[in-house]
Amino acid sequence: MTLQELAKSRGKAKVAIAARVDGALVDLSRPAPENGEVAWVTPADPDGIEIVRHSTAHVMAAAVKELFPDARITIGPSIENGFYYDFDVESPFTPEDLARIEEKMAEIVRADLPFTREVVGKEEARGRFPGEPYKEELLADIPDETVSLYRVGNFLDLCRGPHVPSSGKVGVFKLMNTAGAYWRGDSKNRMLTRIYGCAFASKKELDAHLALLEEIKKRDHRRLGKELDLFSVNDDIGAGLILWHPKGSVVRRIMEDFWRNEHARAGYDLVFSPHIAKLDLWRVSGHLDYYRQSMFGSIEVEGQDYQLKPMNCPFHIQIYKSKLRSYRDLPVRYAELGTVYRYEPSGTLHGLLRVRGFTQDDAHLFLRPDQLDEEIFSLLDFTLFVLQRFGFDRYDVFLSTRPEKYAGTPENWAKAEEALKKALERKGLPYEVDPGEGVFYGPKIDIKIKDMLGRSWQCSTIQVDFNNPERFDAVFTGEDGTSHRAIMIHRALMGSLERFFGVLVEHYAGAFPVWLAPVQVDVLPVTDRQSDYVRDVVSRLRAEGFRTEGDFRNEKLGYKIRESQLRKVPYALVVGDREEAQRQVAPRKRGGEQLPPMSIEEFLEKLRGEAEQTTH
RNA sequence: GCCGACGUAGCUCAACGGUAGAGCAGCUGAUUCGUAAUCAGCAGGUUGCCGGUUCAAUCCCGGCCGUCGGCUCCA
């Protein structure tokens with residue numbers, strides 16, 4: 001008896017698309033186990049939808065092969081929300097091609113063709129893919145003696161499976177776009193054409209996903225940056241170089257002020273360093289060996305090579321080294337909003353999130369070895385405090401360990417990894433290990449914040465460095481009167497101000513909380529009879545430090561309200577004859593909520609309270 | 001950097017091998033208005049840049065710059 005028949009007898013045939021037997025996911029065409037221990041897998045299960053997506057990829061490949069027999073097939077896995085399949089074709093698919101492929105897929109789904117599985121020897125499998133060099137290459141790399149092949153209609157593919165029993169079980173899907181992708185993800189290989197699609201168990205889920213994509217589009221910081229006049233990039237200035245407009249600059253200034261105040265309070269010394277330095281500095285630091293391809297070209301000055309700085313650390317080290325340091329002086333903490341320049345390939349630039357010039361909220365801490373654990377621990381506290389202030393209280397923590405290409409000794413690496421681990425555990429933060437993802441000079445803790453839509457953004461990083469103190473000979477005089485090597489921590493909390501700002505824009509969908517809003521209050525006269533009083537109100541609010549604008553244009557109230565709302569100003573104060581007579585204002589929140597008229601003092605009180613919050 | 005798409009007024013977009021049009025924004029005037037767009041008029045463009053084909057290019061071709069979707073990368 002097959003699982004399919006068993007499913008039928010148990011009334012599960014309609015919903016089951018695969019089964020879990022002894023922990024393994026299997027096709028329903030497989031024999032049912034003697035003892036009958038079976039867990040049915042449906043499209044509603046995480047495993048189930050993954051199978052559906054994978055099968056959808058096969059259906060798509062089947063459609064492509066019918067329409068474009070010359071297309072060479074490669075691989076096609078399921079991914080988050082859907083699937084893709086990579087093809088080697090002479091000319092990439094056009095949007096019209098996608099529509100045709102989608103139609104053909106619908107045909108295959110309607111025909112409800114069975115997915116059949118067969119297991120063959122590797123040698124035999126080779127003969128089954130004539131004219132498919134990629135499949136041959138894949139086969140050559142499989143160590144097993146036998147492989148499984150799946151057929152749907154005329155389309156045969158090398159595949160581990162499992163799959164849905166028939167193409168009719170493929171759910172709701174939509175082809176999204178095409179993209180170039182290197183064979184096996186290696187930029188030295190041929191570029192293939194990838195088709196992305198999304199697939200879900202129900203129309204409702206697909207619609208929800210498309211709605212989410214719409215929402216993401218609406219929140220896109222590049223779009224909002226233009227609409228709200230926050231920043232721009234300019235062809236004549238250069239790709240990846242950000243112009244902060246006045247409104248964006250207000251937000252940045254507030255971010256910076258907050259950052260400086262909190263750092264001064266937390267025992268940091270604030271420093272400044274130049275934008276260029278002799279190339280040799282980065283030879284010593286090791287950056288040249290490891291990251292030359294990410295640095296801008298050097299600048300020759302009077303026979304000496306200078307370099308636009310890609311990092312701030314060597315400068316801070318030199319400040320540290322400018323005099324003898326006692327063990328009593330440590331930890332020394334230097335913090336700087338340091339603007340660095342990195343050559344990012346043109347194709348990777350993306351709004352504020354990936355740029356060529358950016359300002360790191362950088363700091364370098366110089367410690368005695370016995371201070372490492374404690375310092376990392378309090379650093380974690382500090383980091384989470386700062387993130388929380390900006391409205392982020394959900395995050396994932398990663399511990400990245402030694403990469404293939406590294407500097408320093410394995411012993412020091414182990415020590416540093418241990419220190420980071422200990423701090424995380426003491427703090428009770430759940431974390432994941434990212435093996436091999438450390439920086440060349442040391443392991444790190446990365447904190448990825450989650451925004452309102454649940455998307456993750458890498459911002460904070462805490463990196464231990466035994467390497468640079470050695471290269472630059474950063475030392476302190478110990479209690480014993482001899483020289484000891486300092487340990488360094490590199491850390492950034494927001495990461496880059498540009499990037500963090502971009503994330504903030506998307507997090508709040510441009511509707512910044514009161515404390516960050518570029519304009520906090522619009523005061524709107526109903527007619528120009530109230531002009532004088534409104535001018536009064538504006539200057540009262542400004543005197544209290546609130547960013548306030550009066551809208552004296554010759555427009556109707558509805559027009560001014562609409563504009564205020566579109567600019568996402570937290571409060572619009574409506575002022576007509578009634579309010580003026582009572583020396584009041586009528587506040588309207590940006591969401592549309594109308595508050596009862598109140599005195600300016602009352603409104604100020606309310607505003608002060610909200611400016612303390614991060615979420616309004 | 002690689003593959004593909006795209007680049008038209010400040011913004012969003014339309015049109016075309018014979019030197020371009022709408023809405024919004026802007027300016028001028030009228031209107032003095034109560035919680036998401038008052039009306040009318042005016043003005044606005046070397047169609048990203050450079051070169052080629054053509055009697056003629058914004059349109060076709062090539063190069064460059066930039067943007068977008070991915071891939072690779074991301075100290």
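All values derive from a computational prediction rather than experimental measurement. A note on names: the letters A, B, ... follow the listed sequences, proteins ahead of strands, and every chain is numbered from 1.
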Using a 4.0 Å heavy-atom cut-off across all strands, classify [X] as base, sugar-phosphate, or nothing.
{"X": "Arg194(A)", "value": "sugar-phosphate"}
{"X": "Tyr290(A)", "value": "nothing"}
{"X": "Asn234(A)", "value": "nothing"}

Show me the protein contacts with nucleotides 10-14 of chain B, counting only N or O atoms at under 3.5 Å.
unit_1  : atom_1 : unit_2    : atom_2 : d
rU12(B) : OP1    : Lys226(A) : NZ     : 3.3

Proximal nucleotide (of [options]) relative to the [X] side chain:
{"X": "Ala239(A)", "options": "rU67(B), rU35(B), rA75(B)", "result": "rU67(B)"}
{"X": "Asp528(A)", "options": "rG66(B), rU32(B), rA75(B)", "result": "rU32(B)"}
{"X": "Gln565(A)", "options": "rC2(B), rG34(B), rA36(B)", "result": "rA36(B)"}
{"X": "Val574(A)", "options": "rG34(B), rU32(B), rU72(B)", "result": "rG34(B)"}
{"X": "Arg578(A)", "options": "rG69(B), rG34(B), rA37(B)", "result": "rG34(B)"}
{"X": "Tyr196(A)", "options": "rA75(B), rC71(B), rC33(B)", "result": "rC71(B)"}
{"X": "Pro92(A)", "options": "rA37(B), rC3(B), rA75(B)", "result": "rC3(B)"}
{"X": "Pro310(A)", "options": "rC73(B), rU35(B), rA75(B)", "result": "rA75(B)"}
{"X": "Met191(A)", "options": "rA36(B), rC71(B), rU72(B)", "result": "rC71(B)"}
{"X": "Arg553(A)", "options": "rG34(B), rG26(B), rU72(B)", "result": "rG26(B)"}

Gap in Å between the two [atom1] atoms, one belonging to [N] and one to [M], rounded:
{"N": "rC11(B)", "M": "rG17(B)", "atom1": "P", "result": "26 Å"}
{"N": "rA9(B)", "M": "rA56(B)", "atom1": "C1'", "result": "25 Å"}
{"N": "rA75(B)", "M": "rU12(B)", "atom1": "C1'", "result": "40 Å"}
{"N": "rU32(B)", "M": "rC68(B)", "atom1": "P", "result": "47 Å"}
{"N": "rU38(B)", "M": "rA15(B)", "atom1": "P", "result": "30 Å"}
{"N": "rC65(B)", "M": "rG23(B)", "atom1": "C1'", "result": "30 Å"}
{"N": "rC16(B)", "M": "rG1(B)", "atom1": "C1'", "result": "36 Å"}
{"N": "rC42(B)", "M": "rG51(B)", "atom1": "C1'", "result": "39 Å"}

Exercise. Using the side chain to side chain donor-acceptor pair (under 3.5 Å) rule, take His245(A) and Ser232(A) through it: C-alpha gap first, then chi angles, then the decisive distance, then the call.
Key: CA-CA 7 Å; His245(A) 294 200; Ser232(A) 62; 2.7 Å; yes
Quiz item: Salt bridge or not for Asp522(A) and Arg567(A), using N-O below 4.0 Å?
Solution: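 A salt bridge links Asp522(A) with Arg567(A).
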[atom1] of [X] versus [atom2] of [N]: gap in Å, rounded?
{"X": "Arg354(A)", "N": "rC71(B)", "atom1": "CZ", "atom2": "P", "value": "12 Å"}
{"X": "Lys405(A)", "N": "rC73(B)", "atom1": "NZ", "atom2": "P", "value": "13 Å"}
{"X": "Leu349(A)", "N": "rC71(B)", "atom1": "CG", "atom2": "C1'", "value": "15 Å"}

Quiz item: Which atoms form the tightest heavy-atom contact between Pro518(A) and Leu230(A), and what is the distance?
Solution: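 Smallest heavy-atom distance, with atoms named: CG-CD2, 4.3 Å.
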Self-check item: Closest contact, heavy atoms only, Lys450(A) versus Ser456(A)
Solution: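 Closest heavy-atom pair between Lys450(A) and Ser456(A): CG-OG, 3.8 Å.
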Quiz item: Hey, which of these two, Pro345(A) or Met311(A), hits RNA chain B nearer its 5' end, going by closest nucleotide?
Solution: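 Between the two, 5'-proximity favours Pro345(A).
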Quiz item: Considering heavy-atom distances to RNA chain B, does Glu579(A) or His350(A) have its closest nucleotide positioned more toward the 5' end?
Solution: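 Nearest-nucleotide comparison on RNA chain B picks Glu579(A).
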Exercise. Answer yes or no: is there a side-chain heavy-atom contact under 4.5 Å between Ile376(A) and Val464(A)?
Key: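 Yes; the side chains approach each other to less than 4.5 Å.
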Quiz item: On a plain distance test, is the side chain of Arg529(A) in donor-acceptor contact with the base of rU32(B) below 3.5 Å?
Solution: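 When only heavy-atom distances are counted, Arg529(A) does not reach the base of rU32(B) through any donor-acceptor pair under 3.5 Å.
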Quiz item: What about Tyr84(A), does its side chain sit under 3.5 Å from the base of rG70(B) through a donor-acceptor pair?
Solution: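 By the distance-only test, no, there is no pair.
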Has [X] got a side-chain atom pairing as donor or acceptor with [Y]'s backbone, closer than 3.5 angstrom?
{"X": "Lys135(A)", "Y": "Ile73(A)", "value": "no"}
{"X": "Ser564(A)", "Y": "Lys560(A)", "value": "no"}
{"X": "Ser249(A)", "Y": "Trp244(A)", "value": "yes"}

Quiz prompt | Residue list, side chain to side chain donor-acceptor pair (under 3.5 Å) with Glu579(A), at least two apart or on another chain | solution =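 Result, side chain to side chain donor-acceptor pair (under 3.5 Å) vs Glu579(A): none returned.
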Practice problem: Please name all residues satisfying side chain to side chain donor-acceptor pair (under 3.5 Å) with Arg72(A), sequence neighbours left out, ordered by chain then number. | Solution: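 In terms of side chain to side chain donor-acceptor pair (under 3.5 Å), with neighbours along the sequence ignored, Arg72(A) is linked to no residue.
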Practice problem: Report the C-alpha distance between Arg499(A) and Gln458(A) in whole Å, list the side-chain angles of each, state the deciding distance to 0.1 Å, and finish with yes or no for side chain to side chain donor-acceptor pair (under 3.5 Å). | Solution: CA-CA 9 Å; Arg499(A) 188 182 157 76; Gln458(A) 150 89 66; over 6 Å; no
Practice problem: Applying side chain to side chain contact (heavy atoms under 4.5 Å, CB included) between Thr359(A) and each of Glu336(A), Glu498(A), Met494(A), report the one that passes. | Solution: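 Among Glu336(A), Glu498(A), Met494(A), the one that satisfies the side chain to side chain contact (heavy atoms under 4.5 Å, CB included) with Thr359(A) is Glu498(A).
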With 3.5 Å as the limit, what N/O pairs link the protein to nucleotides 39-50 of chain B?
none

Quiz item: Less than 5.5 Å between centroids and less than 30° between ring planes, does Tyr559(A) satisfy that with rA37(B)?
Solution: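 Stacking between Tyr559(A) and rA37(B): absent.
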Quiz prompt | Residues, nucleotides or ligands: over 12 heavy atoms within 6.0 Å of Lys278(A) NZ | solution =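 Counting other residues, nucleotides and ligands, NZ of Lys278(A) stays at 12 neighbours or fewer.
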Quiz item: Can you give the dot-bracket line for RNA chain B, using ( ) for pairs inside the strand, [ ] for pairs that cross earlier ones, | for pairs with another strand and . for unpaired bases, where Watson-Crick and G-U count if both distances are under 3.5 Å?
Solution: (((((((..((((....[..)))).(((((.......))))).....(((((..]....))))))))))))....
Exercise. Mind checking salt bridge (Lys or Arg N to Asp or Glu O under 4.0 Å) for Lys104(A) and listing every partner two or more places apart, or none if nothing turns up?
Key: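 Scan of Lys104(A) (salt bridge (Lys or Arg N to Asp or Glu O under 4.0 Å), adjacent residues dropped) gives Glu66(A), Glu107(A).
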